[in-house]
Protein chains: 2
Amino acid sequence: MKRNSRLSLALHTLSHMADDPDRVRTSADIADHAGTNPVVVRRVLGRLREAGLLTSEKGHSGGWKLARKPERITLADVYLALDESLVATANEDSDPVCSVEYALHRRVSGVLREIEQSLVKRLGETTISEIR
Amino acid sequence: MKRNSRLSLALHTLSHMADDPDRVRTSADIADHAGTNPVVVRRVLGRLREAGLLTSEKGHSGGWKLARKPERITLADVYLALDESLVATANEDSDPVCSVEYALHRRVSGVLREIEQSLVKRLGETTISEIR
DNA sequence: ATTAATGCAACAATGGTTGTTACATTAAAG
DNA sequence: CTTTAATGTAACAACCATTGTTGCATTAAT
């Protein structure tokens with residue numbers, strides 16, 4: 001696996017789950033299919049659970065399952081759950097050299113945030129059951 | 001500087017240049033304003049030059065300048081010049097475990113490519129002179 | 001000839017991500 | 001009640017991309 005693997009892994013897994021929503025899957029199963037490690041899977045799916053997209057059960061015969069119908073989980077849900085922020089840069093805590101420079105900074109950041117928002121909007125138009 | 005600094009630095013610089021398109025700026029000047037290093041600036045701006053967005057002159061009184069009017073440089077031009085690929089993952093050269101898995105891989109990749117395209121389309125709707 | 005710029009290579013430092021091991025906890029199964 | 005099989009989590013190593021930095025060749029104006 002390479003870059004952006006969190007989003008890729010998440011979509012991969014969810015899309016797979018959408019094919020048979022009631023089946024419970026272990027992180028080991030999922031890791032096998034995705035070609036990675038169970039701990040990595042739990043790490044990523046843990047975030048999706050925090051966001052209410054998945055449920056997990058501990059103990060014998062435990063595992064992972066969709067928390068709602070696949071038609072009601074959008075790519076935006078996934079993206080936001082992972083807290084990716086692909087476009088917008090984090091806070092730039094560089095010292096504001098001069099006020100003009102600071103204003104320019106703010107303008108650029110504003111544009112990037114705007115772009116990020118339009119990305120999320122686009123992601124909201126597709127559900128995991130529509131991955132074709 | 002942190003993550004995504006290439007795109008951020010590029011937009012910052014171009015937006016600044018758009019305010020006075022005929023002025024020639026040195027990488028040292030730009031680096032000062034952006035709070036980074038001249039070599040880093042040359043690295044990033046070099047890509048923009050390759051894409052035909054900027055020109056540079058060597059030697060005494062050389063420097064950087066916009067290659068065309070700021071109204072004719074879109075954020076998509078910048079994004080593509082930097083070869084960012086924020087959304088779409090690079091090729092996943094993992095061994096196709098089984099054919100079903102391979103097909104799923106392709107579907108996910110396809111969706112991500114689609115999202116990436118819509119991002120570029122959105123970026124194409126704003127020019128560097130419109131950074132507000 | 002001097003000065004001041006880009007171009008580029010090489011390398012260190014940093015930081016984020018992934019992979020891995022280990023172990024505590026939990027719950028079903030026998 | 002013991003065993004088995006799962007998640008949850010911490011800790012750490014390995015990897016890799018990015019950034020910062022130094023040094024120097026090249027180029028062009030003065």
Side-chain angles (χ1 to χ4, degrees), chain A residues 1-10 12-13 17 23-51 53-67 82-86 88-95, chain B residues 1-10 12-13 17 23-51 53-67 82-86 88-95:
Chain A
M1 281 246 159
K2 294 206 157 183
R3 206 159 59 134
N4 250 121
S5 53
R6 276 200 298 261
L7 181 58
S8 183
L9 173 57
H12 190 104
T13 304
M17 284 176 155
R23 176 168 157 207
V24 172
R25 289 169 167 85
T26 69
S27 55
D29 280 350
I30 296 167
D32 274 354
H33 277 101
T36 182
N37 191 289
V39 178
V40 173
V41 169
R42 274 176 246 155
R43 240 183 239 154
V44 172
L45 299 197
R47 302 210 192 191
L48 303 184
R49 182 193 53 224
E50 285 169 28
L53 307 182
L54 289 177
T55 59
S56 67
E57 296 291 340
K58 295 182 184 175
H60 201 152
S61 78
W64 301 81
K65 206 162 77 74
L66 292 182
L82 295 178
D83 202 21
E84 292 275 281
S85 282
L86 254 32
T89 86
N91 59 340
E92 321 212 15
D93 37 27
S94 60
D95 351 343
Chain B
M1 283 244 157
K2 295 206 159 183
R3 209 161 56 137
N4 250 117
S5 53
R6 275 199 300 261
L7 182 58
S8 184
L9 173 57
H12 190 103
T13 305
M17 285 176 156
R23 176 167 158 210
V24 172
R25 289 168 167 85
T26 69
S27 55
D29 281 350
I30 297 168
D32 274 354
H33 278 102
T36 182
N37 190 290
V39 178
V40 173
V41 170
R42 275 176 244 154
R43 239 181 241 155
V44 173
L45 299 197
R47 299 208 193 192
L48 303 184
R49 183 192 52 223
E50 285 169 28
L53 307 182
L54 290 176
T55 59
S56 67
E57 295 291 339
K58 294 183 185 175
H60 201 152
S61 77
W64 301 81
K65 206 163 76 73
L66 292 181
L82 295 178
D83 203 21
E84 293 275 280
S85 282
L86 255 32
T89 87
N91 58 340
E92 321 212 15
D93 36 27
S94 61
D95 351 342

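Here is how names work: the chains are called A, B, and so on, in the same order as the sequence lines, proteins then strands, and each is numbered from 1.
- Considering NE2 of B:His12 and NE2 of B:His33, their distance stands at 7.5 Å, rounded to 0.5 Å.
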Tabulate protein N/O versus nucleotide N/O from nucleotides 2-8 of chain C, keeping only pairs under 3.5 Å, one per line.
{"from": "C:dT3", "atom 1": "O2", "to": "B:His60", "atom 2": "ND1", "distance (Å)": "3.3"}
{"from": "C:dA5", "atom 1": "O4'", "to": "B:Gly59", "atom 2": "O", "distance (Å)": "3.4"}
{"from": "C:dT6", "atom 1": "OP1", "to": "B:Ser27", "atom 2": "N", "distance (Å)": "2.7"}
{"from": "C:dT6", "atom 1": "OP1", "to": "B:Ser27", "atom 2": "OG", "distance (Å)": "3.4"}
{"from": "C:dT6", "atom 1": "OP1", "to": "B:Trp64", "atom 2": "NE1", "distance (Å)": "3.0"}
{"from": "C:dT6", "atom 1": "OP2", "to": "B:Ser27", "atom 2": "OG", "distance (Å)": "2.7"}
{"from": "C:dG7", "atom 1": "OP1", "to": "B:Arg49", "atom 2": "NH1", "distance (Å)": "2.3"}
{"from": "C:dG7", "atom 1": "OP1", "to": "B:Ser56", "atom 2": "OG", "distance (Å)": "2.9"}
{"from": "C:dG7", "atom 1": "OP2", "to": "B:Arg49", "atom 2": "NH1", "distance (Å)": "2.8"}
{"from": "C:dG7", "atom 1": "N7", "to": "B:Arg42", "atom 2": "NH1", "distance (Å)": "2.9"}
{"from": "C:dG7", "atom 1": "O6", "to": "B:Arg42", "atom 2": "NH1", "distance (Å)": "3.4"}

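- The CG atom of B:Leu86 sits 14 Å away from the C1' atom of D:dA17 (whole-angstrom rounding).
- For A:Ser85 (side chain) and A:Ala88 (main-chain N/O), no donor-acceptor pair under 3.5 Å exists by modelled atom type.
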> When you look at A:Thr13 and A:Val41, which way does the side-chain contact (heavy atoms from CB on, under 4.5 Å) test go after all the steps?
Replying inline: CA-CA 9 Å; A:Thr13 304; A:Val41 169; 5.7 Å; no
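- Per the geometry, NZ belonging to A:Lys65 stands 17 Å off P belonging to D:dA6, to the nearest Å.
- Nucleotide D:dT7 holds its C1' atom 14 Å from the CD atom of A:Glu50, rounded to whole Å.
- In this entry the distance linking CG of A:Asp83 with P of C:dT17 reads 10 Å, nearest Å.
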What are the atom names and distances for every N/O pair under 3.5 Å that joins the protein to nucleotides 13-15 of chain D?
none

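- One can place CG of B:Asn37 at 18 Å from P of C:dC11, the figure rounded to the nearest angstrom.
- In the interface, the side chain of A:Arg43 is paired with the base of C:dG19 through a donor and an acceptor atom under 3.5 Å apart.
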>> Walk me through whether A:Leu48 and A:Leu82 qualify under side-chain contact (heavy atoms from CB on, under 4.5 Å).
In response: CA-CA 7 Å; A:Leu48 303 184; A:Leu82 295 178; 4.0 Å; yes
>> Could you go through B:Leu66 and B:Leu53, starting from their C-alpha distance and side-chain angles, then the distance that decides it, and tell me whether this counts as side-chain contact (heavy atoms from CB on, under 4.5 Å)?
In response: CA-CA 6 Å; B:Leu66 292 181; B:Leu53 307 182; over 6 Å; no
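- Note that CD of A:Glu84 and CZ of A:Arg6 are 5.0 Å apart. Values are rounded to the nearest 0.5 Å.
- Distance check: B:Asn37 CG to B:Ile30 CD1 gives 12.5 Å after rounding to the nearest 0.5 Å.
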